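These figures come from a predicted structure and were not determined experimentally. Both ligands and their constituent atoms are indexed starting at 1 by order of listing.
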Amino acid sequence: MFYQQEFDVIVVGGGHAGTEAAMASARMGANTLLLTHNIETIGQMSCNPAIGGIGKGHLVKEIDALGGAMGLATDQAGIQFRTLNSSKGPAVRATRAQADRTLYRQAIRKMVEEQPNLTLFQQSCDDLIVENDQVTGVVTQMGLKFKAKSVVLTVGTFLGGTIHIGLENYRGGRAGDPPSVALAERLRALPFRVDRLKTGTPARLDARSLDFSKMQAQPGDDPVPMVSFMGNRAMHPKQIPCYITHTNERTHEIIRGGLDRSPMFTGVIEGVGPRYCPSIEDKITRFADKSSHQIFVEPEGLNSMEVYPNGISTSLPFDIQMELVRSINGFENAHIVRPGYAIEYDFFDPRDLKQTLETKYIKGLFFAGQINGTTGYEEAGAQGLVAGANAALQVKQKDPLVLRRDQAYMGVLIDDLATMGTKEPYRMFTSRAEYRLLLREDNADMRLTALGREIGLVDDARWASFNHKMEAVEKEQQRLRGQWIHPEHSAAASLNEILKNPVSREHSLEELIRRPEMTYRKLMQIDELGPGIDDPIAAEQVEIQIKYAGYIARQMDEIAKAQRHENTLLPDDFDYSKISGLSNEVVAKLTEARPETIGKASRISGITPAAISLLLVYLKKHG
Ligand code: FAD
């Protein structure tokens with residue numbers, strides 16, 4: 001039976017990719033259906049209750065700058081906020097928030113329900129309707145058919161999901177949820193390359209059974225940072241601390257004693273796990289010389305007694321889990337509320353996707369999130385937003401949304417996936433971006449909000465607030481450029497107390513801020529020069545743009561240079577071993593990957609700018 005209404009876009013899955021995809025498509029005016037297993041689990045955090053962090057925080061700010069939900073939901077659910085790398089340069093500063101799991105889900109659900117053009121339906125999607133290599137709809141578990149012009153699949157860890165605890169295993173999409181078996185079989189019959197990955201989660205503990213006095217408290221930052229450009233501190237719920245404890249030699253001994261019943265070490269699990277979020281059994285084997293590993297003891301919520309011990313993800317048998325947990329300082333009497341487990345699932349080789357996240361073989365079918373081999377809510381949300389927007393743009397027959405690597409971490413993420421694929425769960429790091437100085441958290445709105453507005457992703461309120469900020473920044477920059485201080489100026493004495501070298505000639509305020517010992521705030525505290533702008537976000541922007549102007553200009557030059565060679569072709573049978581100066585490793589990598597262009601070659605991990613220069617010189621001589 002066909003449902004009476006036809007949709008422009010159907011999004012399958014109500015996780016982090018799915019909710020961003022559905023809301024993006026609906027914001028752009030496409031008539032959208034969000035079809036998901038269970039409406040109660042919309043926006044559910046399957047693993048740790050935290051959003052952001054290094055690289056990931058950058059993605060959240062970008063999602064937010066394009067009008068997405070993740071940043072605002074985090075502001076409404078965050079119970080401990082921190083700015084990581086706060087003492088380092090602005091490019092690597094990143095916001096991280098511990099979230100109340102329930103509040104987060106509620107915030108996302110509310111946004112989904114209040115979104116015009118978005119319809120919800122609860123059922124499993126078991127099949128796709130494909131006619132002449134074009135998707136035209138989906139079929140649910142009860143045989144109901146929905147017609148649509150585009151379909152976005154965001155089914156996370158659910159495809160053919162198998163849960164492992166020790167040598168026991170059973171089918172599941174994540175603990176407490178069914179797997180997607182019928183859909184997995186259907187997708188395996190299509191011409192996409194498919195493989196298995198695995199990820200894991202630690203046991204959850206009852207806070208009442210832990211001794212927090214033996215752990216180190218870790219409060220959040222004061223003042224509390226905000227995640228969304230539209231966020232404000234009044235949104236934040238009560239703030240509480242996290243705690244830190246450690247594993248010890250005894251813990252490691254217990255783990256080693258259980259490895260013969262580990263599904264990972266006995267070969268029961270074949271999928272590759274996340275390198276940067278390894279299980280504790282993996283850590284003690286890979287880093288055998290370390291006698292201790294840090295554990296962040298994170299509350300799951302203000303009204304929950306569960307805590308998440310971040311750092312001891314495991315799929316060891318339950319008796320070993322009990323023993324290892326109780327060997328840890330402060331956990332001696334711990335009660336496990338939910339056992340840790342690993343999950344294996346199907347993912348599709350993202351090299352079978354276009355940069356729009358549309359599949360190469362089935363028109364109108366888009367993939368986003370964990371199904372593409374990534375791990376993490378932020379990576380999923382970012383892809384969801386891009387896939388949802390592109391599904392809507394395709395329906396409206398408009399140009400696609402493809403973000404460049406110098407424009408957004410979202411662009412880096414999708415370009416990495418679509419050009420290089422991945423053999424292990426892919427997570428974002430700032431080191432994956434070539435142009436880190438340009439891709440900062442603080443300027444995500446300046447990079448993306450106007451673009452989002454153009455295609456209908458950004459609403460009037462955000463647009464007005466963005467323009468207000470930009471006007472304030474621009475006006476203040478002009479003032480700082482135009483106001484001069486000479487040695488006899490009444491402010492000179494106060495200035496000289498801050499400056500290493502006293503003012504000996506006329507300086508503009510802009511020049512003074514450029515000095516390492518000076519900040520915008522310090523300068524504005526001098527009566528004659530302040531008070532400046534009171535919005536701390538706009539003030540930060542003024543300072544960053546002045547202090548880093550030189551570096552930013554250099555990076556822009558590099559981009560212009562790289563763009564000139566982006567499409568320079570590399571012959572298919574190119575013999576890289578002929579180029580003198582290239583290391584054996586670089587020759588091997590280029591020979592295996594056979595990139596079609598210089599641009600693609602430069603993005604292969606381990607291919608340095610120096611190697612690219614040698615390639616260009618060779619091509620010029622012999623081309
Ligand atoms: P999900 O959040 O999984 O959402 C998928 C949605 O699709 C769900 O709502 C589901 O009900 C729905 N769905 C599935 N199949 C169908 C269907 N056929 N029909 C209708 N609806 C369907 N991330 C990290 O960064 N680090 C980690 O260490 C980590 N560990 C993890 C451990 C475990 C055990 C799990 C389960 C996840 C872990 N994650 C981790 C991953 C994180 O949860 C995901 O990256 C993120 O949730 C992916 O978002 P998504 O939207 O792609 O999928």
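- E281 places a side-chain N or O within 3.5 Å of a backbone atom of S315 that can act as its donor or acceptor partner.
- In this structure, D352 does not pair ionically with K360, as no charged nitrogen and carboxylate oxygen lie closer than 4.0 Å.
- Remark: the E131 side chain and the T136 side chain contain an N/O donor-acceptor pair separated by less than 3.5 Å.
- Listed for the E62 side chain is a donor-acceptor partner under 3.5 Å among the backbone atoms of M410.
- At distances below 3.5 Å, not a single donor-acceptor pair connects side-chain atoms of K56 with backbone N or O atoms of R427.
- Taking a cut-off of under 4.0 Å to the non-hydrogen atoms of G369, the atoms of ligand 1 that pass are 52 (O).
- Ionic pairing of D346 and R188 is present here: one or more N-O contacts between side-chain nitrogen and carboxylate oxygen are shorter than 4.0 angstrom.
- Ring geometry for F158 versus H37: interplanar angle of 30 to 60°, hence tilted.
- Of the inter-residue distances, the one linking T154 atom OG1 with L357 atom CG reads 12.0 Å to the nearest 0.5 angstrom.
- Remark: R432 is positioned above the aromatic ring of Y426, its terminal NZ or CZ atom under 6.0 angstrom from the ring centre and at most 45 degrees off the axis.
- Within the set G172, C47, G14, the minimum heavy-atom distance to atom 9 (O) of ligand 1 is found for G14.
- Here the CG atom belonging to L205 is positioned 9.5 Å from the CD atom belonging to E300, to the nearest 0.5 angstrom.
- Under a 4.0 Å criterion applied to the non-hydrogen atoms of A17, ligand 1 contributes the atoms 51 (O).
- The shortest heavy-atom distance from D177 to ligand 1 is not under 4.0 Å.
- For a threshold of 3.5 Å applied to N or O pairs, the pair formed by V12 and ligand 1 contains no separation below that value.
- No N or O atom of T41 sits closer than 3.5 Å to an N or O atom of ligand 1.
- A side-chain donor from one of S228 and D64 sits under 3.5 Å from a side-chain acceptor of the other.
- Taking the six-membered ring for Trp and thresholds of 30 and 60 degrees, F348 and F192 have ring planes more than 60 degrees apart, a perpendicular arrangement.
- From the protein, the heavy atom lying nearest to atom 40 (C) of ligand 1 is T375 OG1, 3.6 Å.
- Shortest contact from atom 44 (C) of ligand 1 to any protein heavy atom: Q370 OE1, 2.8 Å.
- At under 3.5 Å, not a single nitrogen or oxygen of P274, backbone or side chain, sits near a nitrogen or oxygen of ligand 1.
- Those atoms of ligand 1 that come under 4.0 Å of a heavy atom in S180, given as number and element, are 14 (C), 15 (N), 16 (C), 17 (C), 18 (N).
- For atom 11 (O) of ligand 1, the choice among Q123, H37, E20 with the nearest heavy atom turns out to be H37.
- Ligand-side atoms of ligand 1 in range of L183: 18 (N), range being under 4.0 angstrom from any heavy atom.
- The shortest N or O to N or O distance between I343 and ligand 1 is not under 3.5 Å.
- At the top of the distance list for atom 2 (O) of ligand 1, counting protein heavy atoms only, stands H16 CD2, 3.6 Å.
- A salt bridge does not link D195 with K423: none of the charged nitrogens is closer than 4.0 Å to a carboxylate oxygen.
- Close approach to S46 involves these atoms of ligand 1, each under 4.0 Å from a residue heavy atom: 35 (C), 36 (C), 37 (C), 43 (O), 47 (O).
- Neither the backbone nor the side chain of Q141 comes within contact range of ligand 1; no heavy atom lies under 4.0 Å.
- In terms of protein heavy-atom proximity, atom 25 (O) of ligand 1 is nearest to G376 CA, 3.1 Å.
- With a 4.0 Å cut-off on non-hydrogen atoms, S124 touches ligand 1 through its backbone as well as its side chain.
- Which parts of ligand 1 touch R174 is read off a 4.0 Å heavy-atom cut-off, strictly below it: atoms 36 (C).
- Each of the atoms 2 (O), 4 (O), 6 (C), 9 (O), 51 (O) of ligand 1 lies under 4.0 Å from some heavy atom of G15.
- For atom 5 (C) of ligand 1, the closest non-hydrogen atom of the protein is T154 O, 3.5 Å.
- Looking at atom 50 (P) of ligand 1, its nearest protein heavy atom turns out to be A380 CB, 3.9 Å.
- At a 4.0 Å heavy-atom cut-off, ligand 1 touches C125 through backbone and side chain alike.
- Among protein heavy atoms, the minimum distance from atom 10 (C) of ligand 1 is reached at F158 CZ, 3.5 Å.
- The shortest separation from a heavy atom of G200 to ligand 1 is under 4.0 Å, placing the residue in contact.
- Here is the list of ligand 1 atoms found below 4.0 Å of a heavy atom in T201: 32 (C), 34 (C).
- Of the charged side-chain nitrogens involved, none lies within less than 4.0 Å of a carboxylate oxygen, so that R101 and E306 do not count as a salt-bridged pair.
- Not a single heavy atom of Q383 lies less than 4.0 angstrom from ligand 1.
- Within the 3.5 Å criterion, the main-chain N or O of F347 finds no donor-acceptor partner in the side chain of N372.
- Under 4.0 Å is where a charged nitrogen must lie from a carboxylate oxygen, and between D133 and K363 no such pair does.
- The pair E441-R93 does not meet the salt-bridge criterion, since no charged nitrogen lies less than 4.0 angstrom from a carboxylate oxygen.
- Using a 4.0 angstrom heavy-atom cutoff, N38 does not count as in contact with ligand 1.
- At the shortest separation from atom 28 (O) of ligand 1 among protein heavy atoms lies C277 SG, 3.0 Å.
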